[in-house]
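Read the structure below first, then the notes.
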Amino acid sequence: MSHSARDTALGVLVACRTHGAWADAALKAQLARDRLSPQDAALCSRMVYGVTQNRLLLDFYLAAYCSQKPDHLQPPLLDILRLGAYQILFLDKVPDRAAVSEAVELAKRSGRGQAAGLVNAVLRKLSQNKNALPPIPDRDEAKFLSIRYSHPKWLVKRLQAILGPETEACLAADNAPAPLTIQVNPLKAAAEELTAELEASGVIVRPHPWVSGCLELDHVGDLTALEPFRMGKFLVQDPAARLVSQIAGVEPGMRVLDVCAAPGGKSFSAAFAMEDQGEILACDLHENKLKRIREGAERLGLACIQTTAADGRGFRPEWEARFDVVLVDAPCSGFGIIRKKPDVRYKKPDDLFALPVIQRAILDNAARYVRPGGTLVYSTCTILPEENEGVSDSFLAEHPDFCRTPFSLSGPVGETEGQVTLWPHRHGTDGFYICRMTRN
């Protein structure tokens, strides 16, 4: 195994710490620059996600064997120690001696040669004690779960208030790999035909247990290199996001407005359900994100999607009461997608207070575009009630011309009163909220 996987992983962790970059974006950029072999790229990704998913736990164990407090160490020493500790505690295929000596070399290459002795001593002690690690104190359950699953204590307490005894299962699901799910493009392929094509490329394919038109994939490699991907026969989409257009009840010939559309998955999903007949107007604040939507629509062979740059809070009089269905997939905290973006968990609670205000403003504005008798769908990829039912409750209290409309889903959800919160540990999907309302 070359140095490069560890050097690249360190580069990503440093970018996240110093520039506030998101791990998935920083990883993609760094891998493109460093041109690792597929094996090294996979190892690098595993280390970046592993360290991010287990940061508080790794720091707890490092603190037991380090004379200084981990957060007092000079950067990037703590990143180097976390990488070494992750390999020792979680990666069976990497011998401990290799993990230790590589970490020492990494410290030297990073201009921290004077601390090489400290890195060597701490990681060797960790390796010698890995079958007798200090127990995590469990007098305070929230603190125990916070360290054990590396979620900030305030978030653990918030989840305990919502989930009670299910909290640990939820935290464990956040640290488990998410299945890769795709939605079949029915305009270009049937599920059976696509399954056979993917299996011929060595991909393992399972139908999604309860969301129709979705397949779960394993042993994929580079998805975008697959012929059926280039031919536009499928869309990478979590089943929860796929359900938005189903719950909205879109049909061929409708006029649909997708207010916060980027990267476009819900618009594409709606276009599939509409058999590419009708009109979908996909909006986003940023022009560069609209380009991705147009490229995706072209790959999937969809002609009914138009894009326009628009702020969800700014009223467009020409759209008033013009649409059969309006989709509001609002900007949110993202706490439903921690298993895919592990660093979301470390957001500061203070950054979240403004979100419900923005969400309400977008929903209030978007509601004006729904024709009488039309449908308004509000969704988020978070599980916090203050961004979900809190927002839709306060909206409905002030808009008596709208009401929730019940819908039913197959599988574990069944009948609803017009809203549902999906959870990774209960439903196997992203954490997601969907509420359907009708304008009377």
Side-chain angles (χ1 to χ4, degrees), residues 1-18 23 26-27 30 34 36 39-40 42-139 143-153 175 342-343 345-346:
M1 192 193 313
S2 69
H3 290 318
S4 46
R6 293 179 177 87
D7 286 303
T8 301
L10 180 60
V12 174
L13 295 176
V14 168
C16 294
R17 183 168 39 73
T18 52
L27 182 63
Q30 193 86 30
D34 294 355
L36 302 186
Q39 290 84 353
D40 275 353
L43 175 68
C44 172
S45 305
R46 177 95 190 264
M47 289 194 290
V48 168
Y49 278 97
V51 167
T52 309
Q53 272 169 343
N54 296 285
R55 198 162 91 192
L56 304 182
L57 182 64
L58 294 171
D59 287 1
F60 172 77
Y61 290 133
L62 286 168
Y65 302 109
C66 186
S67 52
Q68 298 183 44
K69 281 194 168 152
D71 52 1
H72 290 177
L73 293 167
Q74 272 192 307
L77 282 182
L78 182 52
D79 299 313
I80 291 169
L81 284 169
R82 285 169 176 163
L83 278 169
Y86 177 71
Q87 293 168 71
I88 290 166
L89 298 176
F90 289 92
L91 293 185
D92 302 335
K93 292 206 173 96
V94 178
D96 288 1
R97 334 177 277 289
V100 175
S101 65
E102 283 290 351
V104 169
E105 291 304 313
L106 208 47
K108 290 176 184 168
R109 287 201 296 279
S110 307
R112 291 279 176 268
Q114 74 281 17
L118 172 117
V119 170
N120 185 45
V122 171
L123 292 178
R124 281 184 59 182
K125 275 188 210 151
L126 182 67
S127 158
Q128 286 156 6
N129 290 287
K130 77 172 178 185
N131 297 319
L133 291 166
I136 301 167
D138 57 3
R139 287 186 307 282
K143 189 175 181 186
F144 170 81
L145 292 173
S146 169
I147 295 170
R148 171 72 184 78
Y149 296 101
S150 293
H151 283 59
K153 193 172 169 185
N175 287 354
D343 35 1
R345 71 188 77 194
Y346 302 116

Exercise. side-chain contact (heavy atoms from CB on, under 4.5 Å) with Leu56: which residues, sequence neighbours excluded?
Worked result: Ser146, Ser150, Tyr346
Problem set entry | Contacts of Lys153 that satisfy salt bridge (Lys or Arg N to Asp or Glu O under 4.0 Å) - sequence neighbours left out | Asp140
Problem set entry | Under the side-chain hydrogen bond (donor to acceptor under 3.5 Å, both in side chains) test, residues paired with Tyr149 that sit two or more places apart | Glu168
Seminar exercise, completed: Closest non-hydrogen contact found for Val94 with Arg6 is CG1-NH2, 3.5 Å
Exercise. Can you check whether Ile136 reaches Leu57 side chain to side chain, under 4.5 Å on heavy atoms?
Worked result: yes
Exercise. Taking the side chain as C-beta and beyond, is there a heavy-atom pair between Pro76 and Leu10 under 4.5 Å?
Worked result: yes
Exercise. Under the side-chain contact (heavy atoms from CB on, under 4.5 Å) test, which residues partner Ala103, sequence neighbours left out?
Worked result: Ile80, Val119, Leu123
Exercise. Which ring-ring contact (aromatic ring centres under 6.0 Å, His included) pairs, counting each pair once, include a residue from residues 103-131, with sequence neighbours left out?
Worked result: none
Exercise. Where do Leu133 and Phe60 land on the side-chain contact (heavy atoms from CB on, under 4.5 Å) test, with the steps shown first?
Worked result: CA-CA 10 Å; Leu133 291 166; Phe60 172 77; over 6 Å; no
For this session: Report yes if the side chains of Leu83 and Gln87 come closer than 4.5 Å at any heavy-atom pair, otherwise no.
Result: yes
For this session: Determine the minimum heavy-atom distance between Ala5 and Leu36, stating which atoms define it.
Result: CA-CD1, 4.0 Å
Exercise. Can you check whether Gln74's main-chain N or O pairs, donor with acceptor, with Arg112's side chain at less than 3.5 Å?
Worked result: no
Seminar exercise, completed: Rounded to the nearest 0.5 Å, the CD atom of Gln30 sits from the SG atom of Cys16 at a distance of 10.0 Å
Problem set entry | Any residue meeting side-chain contact (heavy atoms from CB on, under 4.5 Å) with Asn120, in chain and number order, not counting sequence neighbours | Val100, Val104, Arg124
For this session: With sequence neighbours excluded, tell me which residues meet side-chain hydrogen bond (donor to acceptor under 3.5 Å, both in side chains) with Arg97.
Result: none
For this session: Would you name the heavy atoms of Gln68 and Leu118 that are closest together and state the gap between them?
Result: NE2-CD1, 4.2 Å
Exercise. What residues form a side-chain contact (heavy atoms from CB on, under 4.5 Å) with Gln53, not counting sequence neighbours?
Worked result: Asn175, Pro342, Arg345
Exercise. Going by heavy atoms in the side chains, are Phe144 and Pro137 under 4.5 Å from each other?
Worked result: no
Seminar exercise, completed: ring-ring contact (aromatic ring centres under 6.0 Å, His included) filter on Tyr49, not counting sequence neighbours, yields none
For this session: Report yes if some heavy atom in the side chain of Arg109 is under 4.5 Å from a heavy atom in the side chain of Asp7; otherwise report no.
Result: yes
Seminar exercise, completed: Note: Ala23 and Asp343 closest approach over all heavy atoms is N-OD2, 2.6 Å
Exercise. Pro70 versus Leu81: any side-chain heavy-atom pair under 4.5 Å?
Worked result: no
Exercise. Nearest 0.5 Å, what's the CD-OG distance between Glu105 and Ser110?
Worked result: 10.5 Å
For this session: Kindly indicate whether the side chain of Ser4, heavy atoms from C-beta on, has any atom under 4.5 Å from the side chain of Asp34.
Result: no
Problem set entry | Residues that Lys130 engages under side-chain hydrogen bond (donor to acceptor under 3.5 Å, both in side chains), provided they are two or more places apart | Asp96
For this session: Quick one: which residue pairs count as a salt bridge (charged side-chain N to carboxylate O under 4.0 Å, His left out) with a foot in residues 56-83, not counting sequence neighbours?
Result: Arg17-Asp79, Asp59-Arg82, Asp79-Arg82
Exercise. At their closest point, which heavy atom of Pro134 faces which heavy atom of Tyr61, and how far apart are they?
Worked result: O-CE2, 3.5 Å
Exercise. Considering only heavy atoms from C-beta outward, does the side chain of Thr8 approach that of Val48 to under 4.5 Å?
Worked result: no
Exercise. Minimum heavy-atom separation for Gly50 to Asn54, with atom names?
Worked result: O-ND2, 2.8 Å
Problem set entry | Those residues that, when tested against Phe90, pass ring-ring contact (aromatic ring centres under 6.0 Å, His included) (two or more places apart) | Tyr86
